[in-house]
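Data block below; observations after.
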Amino acid sequence: MKIEGHSAHAAVSEGKGDVGSGDTKKAPGQEVGKEAGAGATGTRDLEVPKPGGEEVAKPVASRPKIQVVAVGAENLPKTDTFGMSDPYLVLKYGGKEAKTSVKKKTLNPVWKESFLLNVVPDDKDGNLEVRCMDWDMFHKDDYVGRCVVIKPELEKFSGKDGGRSEISLQLLGKDGKEIRGQHGKASRITLSLKLWDDAHHGPGHEHDG
């Protein structure tokens with residue numbers, strides 16, 4: 001398979017995330033809440049409101065969605081003087097961005113936060129980019145690494161056997177080299193993917209079939 005700069009493995013997962021709360025300094029979790037709102041089951045839509053507070057009108061026709069659950073990360077590098085990090089993820093897809101909440105003082109964060117992404121047309125960039133950042137109260141947030149799932153692989157995994165697939169992605173630095181944490185272990189991000197049909201299952205209602 002072709003996931004940028006690394007390999008990934010797929011496995012059926014039944015995990016379903018809850019939306020975490022944000023932190024201070026316009027914490028990422030709070031910013032997403034403003035743009036998307038939290039669903040009854042913790043699933044958030046990446047629809048972005050129009051200027052002036054008007055909500056984006058949803059089309060009458062059915063629009064398939066990909067549910068992306070930011071499960072967690074492991075072996076992140078140390079980014080502060082106490083040997084820890086305050087990580088969060090930024091998901092970019094179809095020209096829109098969303099952020100998870102910040103997890104304080106950990107190198108192995110667990111988010112289990114869910115996002116619904118409208119599948120983009122074939123002529124648009126449909127790659128999913130995930131950036132890992134380190135939150136800082138007084139300075140600019142630090143870049144930790146990124147990983148990219150190209151469009152064909154994203155659709156392949158999200159539609160696997162009509163269920164949910166879990167993939168583990170290697171974080172890469174700006175120079176394209178693998179990011180490694182303590183003892184040289186690879187820094188990885190875990191995502192869970194599922195394809196939704198809006199005609200039958202709206203946001204906030206999980207379907208296993």
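As a basis for the values below, the full set of heavy atoms in this structure was taken, side chains included, without hydrogen atoms, waters or symmetry mates.
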From Lys92 atom NZ to Asp125 atom CG, the distance as rounded to the nearest 0.5 Å: 8.0 Å
Drop me the distance from Leu169's CG to Arg188's CZ, to the nearest 0.5 angstrom. 7.0 Å
Between Trp135 and Met133, is there a side-chain heavy-atom distance shorter than 4.5 Å? no
Do Val130 and Val90 touch side chain to side chain, with heavy atoms closer than 4.5 Å? no
Any donor-acceptor pair under 3.5 Å linking the side-chain atoms of Asn75 with those of Ser187? no
Heavy-atom nearest pair, Asp134 first then Ser85, reads OD1-OG, 2.9 Å
Value rounded to 0.5 Å, distance of CG in Asn118 from NZ in Lys96: 7.0 Å
Which value, rounded to the nearest 0.5 Å, describes the distance between Phe115 atom CZ and Leu89 atom CG? 8.0 Å
Do Arg180 and Glu178 sit within salt-bridge range, that is, some charged N less than 4.0 Å from a carboxylate O? yes
Find out whether Lys65 and Leu117 are in side-chain contact, i.e. whether some heavy atom of one side chain is under 4.5 Å from a heavy atom of the other. no
Spacing of Asn108 atom CG and Gln182 atom CD [to the nearest 0.5 Å]: 8.5 Å
Is the closest side-chain donor-acceptor distance between Ser101 and Glu113 under 3.5 Å? yes
Does a side-chain heavy-atom distance below 4.5 Å link Glu97 with Leu91? no
Do Val120 and Leu193 share a hydrophobic cluster, counting only Ile, Leu, Val, Met, Phe, Trp and Tyr and linking them when any side-chain heavy atoms are less than 4.5 Å apart? yes
Roughly how far, to the nearest 0.5 Å, is CD1 of Ile189 from OG of Ser168? 8.5 Å
Step by step, work out the side chain to side chain contact (heavy atoms under 4.5 Å, CB included) result for Lys194 and Ile66. CA-CA 6 Å; Lys194 182 182 177 72; Ile66 296 176; over 6 Å; no
Against the six-membered ring of Tyr143, is Lys174 placed for a cation-pi contact (under 6.0 Å from the centre, within 45° of the normal)? yes
Do you see a donor-acceptor pair shorter than 3.5 Å between the side chains of Ser114 and Gln67? yes
Apply side chain to side chain contact (heavy atoms under 4.5 Å, CB included) to the pair Asp86 and Thr79, showing each step before the final yes or no. CA-CA 8 Å; Asp86 300 322; Thr79 55; over 6 Å; no
Would you say the side chain of Leu191 lies within less than 4.5 Å of the side chain of Val71, judging by non-hydrogen atoms? no
Check against side chain to side chain donor-acceptor pair (under 3.5 Å), Asn127 and Lys151: CA-CA 5 Å; Asn127 295 340; Lys151 184 177 180 180; over 6 Å; no
Any sub-3.5 Å donor-acceptor pair from Asp80's side-chain atoms to Met84's backbone N or O? yes
